[in-house]
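All values derive from a computational prediction rather than experimental measurement. Heavy-atom basis, side chains included; hydrogens, waters and symmetry copies ignored.
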Amino acid sequence: MNIGIIGGGAVGLLLAAYLGQRHEVTVYTRRLSQAEQLARHGVALKKDGKTAVAAVRARPFAGAELVEPLVFVTVKQYDLAAVCAQLDSFCRIRTLVFLQNGMGHLETLSAFADKNIVVGVVEHGALKLDDRTVAHTGAGKLTLAPLYGSPAMAAELAGDDDFPIEWADDWERVLVDKLVVNAVINPLTALLQVKNGALLEVAPYRDMMAQLFDEVRQVLPLHSAEQAWQRIVHICRNTADNYSSMYMDVANGRRTEIDAILGYVLKQGEARGVALPLVRFVFCALKGKEGGDADG
């Protein structure tokens with residue numbers, strides 16, 4: 001199968017490394033220099049002390065006309081508008097899979113109402129080491145769910161033990177389950193500058209995590225608050241030695257996804273008339289760290 005991947009970050013490279021072992025993959029990057037590296041040397045996957053290389057095609061996304069029947073969009077949510085602005089690039093594409101954190105991007109996807117749209121969440125730990133190398137730092141799964149249209153070509157994807165792919169019928173539950181995890185773990189690890197495991201190991205941090213969860217759960221349609229909390233604890237424990245993506249963004253002076261995550265939670269609170277003082281405090285603290293506007 002021919003597959004396109006828009007985005008050369010950690011998630012895009014991880015996806016290319018695994019899918020590239022079975023399929024013809026083209027990675028669409030923001031920079032020409034990264035595309036040249038990937039096209040010349042392939043994408044390198046580091047895991048358990050070993051390195052595997054998958055050959056891929058690569059080219060800059062700007063001005064490209066995509067021809068693959070299945071395209072994954074892996075850019076962060078704040079870059080999604082720029083991708084959607086290039087509608088002409090998607091004329092020949094029938095199925096798109098969006099792998100953004102948060103849920104604020106769902107309205108943006110209406111621009112692709114004539115296509116099959118799938119949304120999903122990546123529960124793997126991935127760290128981009130350079131333009132063509134990604135470290136698989138934590139095993140998880142890729143969960144996909146149709147938003148509208150049909151899964152089409154995406155339904156033909158087969159995972160394996162190292163990169164399992166699961167399908168769900170309820171896209172909202174899939175996204176909410178991931179959002180509540182991101183809303184608790186990512187901001188706190190970035191603010192406290194600690195690894196994920198510290199949120200469980202340090203008693204005051206665990207209390208902070210519980211308090212933040214208690215506010216977040218008030219405005220998200222959780223199937224079970226207890227199950228959601230246990231899932232957060234499970235992920236913290238399983239990724240104890242990992243730094244969250246938001247931690248890495250702050251550490252490297254990059255823009256974070258705080259708007260897509262806690263910003264979305266705050267909007268849900270406003271819509272329901274629910275005050276979320278701790279969520280707003282953490283949101284403002286992270287916006288301050290990235291030098292942004294704290295209007296949420």
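Every residue meeting the salt bridge (charged side-chain N to carboxylate O under 4.0 Å, His left out) condition with D79, not counting sequence neighbours, appears here in chain and number order: R30. For H105, the ring-ring contact (aromatic ring centres under 6.0 Å, His included) criterion is met by no residue, not counting sequence neighbours.
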task = Step by step, work out the side-chain hydrogen bond (donor to acceptor under 3.5 Å, both in side chains) result for N101 and E257.
result = CA-CA 8 Å; N101 285 326; E257 293 184 284; 3.1 Å; yes
inquiry  = side-chain contact (heavy atoms from CB on, under 4.5 Å) for L212 and L188? Distances and angles first, verdict last.
reply    = CA-CA 9 Å; L212 185 58; L188 289 180; 3.9 Å; yes
query = Where do L15 and V122 land on the side-chain contact (heavy atoms from CB on, under 4.5 Å) test, with the steps shown first?
reply = CA-CA 10 Å; L15 204 62; V122 178; 5.9 Å; no
key: L109/L80 under side-chain contact (heavy atoms from CB on, under 4.5 Å): CA gap, chis, key distance, verdict   = CA-CA 9 Å; L109 304 190; L80 194 55; 4.2 Å; yes
inquiry  = Show, in sequence, the C-alpha distance, side-chain angles and deciding distance for L99 and L142, and conclude whether the side-chain contact (heavy atoms from CB on, under 4.5 Å) test is met.
reply    = CA-CA 9 Å; L99 301 179; L142 170 63; 3.9 Å; yes
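A donor-acceptor contact shorter than 3.5 Å links the side chain of S224 to the backbone of Q227. In this structure a side-chain-to-backbone donor-acceptor pair under 3.5 Å is missing from K128 to L13. Proximity of a side-chain donor or acceptor of R22 to a complementary backbone N or O of A158 within less than 3.5 Å is detected. Of the possible polar contacts, one joining the Q100 side chain to the V73 backbone as a donor-acceptor pair under 3.5 Å is found. Formation of a donor-acceptor pair under 3.5 Å by the Q34 side chain with backbone atoms of D131 is found in this model. A side-chain donor-acceptor contact under 3.5 Å links R231 to the backbone of D177. At distances below 3.5 Å, at least one donor-acceptor pair connects side-chain atoms of Q218 with backbone N or O atoms of D214. In this structure, the side chain of D160 engages the main chain of D162 through a donor-acceptor pair within 3.5 Å. Counting only distance, with no hydrogens or angles, the side chain of T51 and the backbone of L45 share no donor-acceptor pair below 3.5 Å.
Using a 4.5 Å cut-off on side-chain heavy atoms (C-beta onward), M208 and L192 make contact. Between V11 and K76 the shortest side-chain heavy-atom distance does not fall below 4.5 Å. In this structure, L276 and V219 have side chains that are in contact, with non-hydrogen atoms separated by less than 4.5 Å. In this structure, F90 and I6 have side chains that are in contact, with non-hydrogen atoms separated by less than 4.5 Å. Contact check for V174 versus V119: no side-chain heavy atoms found under the 4.5 Å cut-off. No side-chain heavy atom of V274 sits under 4.5 Å from any side-chain heavy atom of Q268. Using a 4.5 Å heavy-atom cutoff, the side chains of L14 and F163 are in contact. Looking at E290 and D249, their side chains never come closer than 4.5 Å, going by heavy atoms from C-beta outward.
Note: the hydrophobic cluster containing V43 does not contain V53 (ILVMFWY, side chain heavy atoms under 4.5 Å, direct or indirect links). In terms of hydrophobic clustering, with Ile, Leu, Val, Met, Phe, Trp and Tyr side chains grouped at heavy-atom distances under 4.5 Å, Y243 and V184 are assigned to different clusters. Residue I232 is not grouped with residue Y247 when hydrophobic side chains (ILVMFWY) are merged at heavy-atom distances under 4.5 angstrom, including chains of intermediate members. M248 is not connected to V282 by any chain of hydrophobic side-chain contacts under 4.5 Å among Ile, Leu, Val, Met, Phe, Trp and Tyr, and they are in different clusters. In terms of hydrophobic clustering, with Ile, Leu, Val, Met, Phe, Trp and Tyr side chains grouped at heavy-atom distances under 4.5 Å, V180 and L106 are assigned to a common cluster.
Between A168 and P146, the closest heavy-atom pair is O-CD, 3.5 Å. Residues A58 and A35 share a closest heavy-atom pair of CB-O, 3.4 Å. Taking each heavy atom of A64 and S89 in turn, the nearest pair found is O-OG, 2.7 Å. Taking each heavy atom of E68 and N2 in turn, the nearest pair found is CB-O, 3.7 Å. Nearest heavy-atom pair across A126 and T137 is N-OG1, 3.5 Å. Smallest separation of non-hydrogen atoms from I261 and A183: CG2-CA, 3.4 Å.
A distance of 9.0 Å separates CZ in F213 from CG in L220, rounded to the nearest 0.5 Å. Atom CG of L199 is separated from atom CG of D207 by 11.5 Å, given to the nearest 0.5 angstrom. With rounding to the nearest 0.5 angstrom, the OG atom of S244 is 4.5 Å from the CG atom of N186. Interatomic distance, NZ of K287 versus CZ of R255, reported as 6.0 Å (0.5 Å rounding). Atom-to-atom distance recorded for H23:NE2 and E156:CD is 9.0 Å, nearest 0.5 angstrom. For the atom pair F72 CZ and T95 OG1, the distance stands at 10.0 Å (nearest 0.5 Å).
Between E215 and R280 no salt bridge is recorded (no basic side-chain N to carboxylate O distance below 4.0 Å). Salt-bridge check for E123 with K178: failed, with every basic side-chain N at 4.0 Å or more from each acidic carboxylate O.
Between H136 and Y18, the ring center distance clears the sub-6.0 Å criterion.
In this model, no donor atom of one side chain and acceptor atom of the other lie less than 3.5 Å apart for Y264 and Q77. No hydrogens or angles considered: a donor-acceptor pair under 3.5 Å links the side chains of E226 and Q230.
Enclosure of atom OH in Y148 by more than 12 non-hydrogen atoms of other residues, nucleotides or ligands within 6.0 angstrom is indicated. Within a 6.0 Å radius of NE2 in H41, other residues, nucleotides and ligands contribute more than 12 heavy atoms. Counted within 6.0 Å of CG on D169, heavy atoms from surrounding residues, nucleotides or ligands total 12 or fewer; the atom is thus considered open.
The side-chain contact (heavy atoms from CB on, under 4.5 Å) test with L70 singles out one residue from V118, V97, N116, and that residue is V97.
Here salt bridge (Lys or Arg N to Asp or Glu O under 4.0 Å) pairs that include residues 183-206, with residues two or more places apart or in two chains, number zero.
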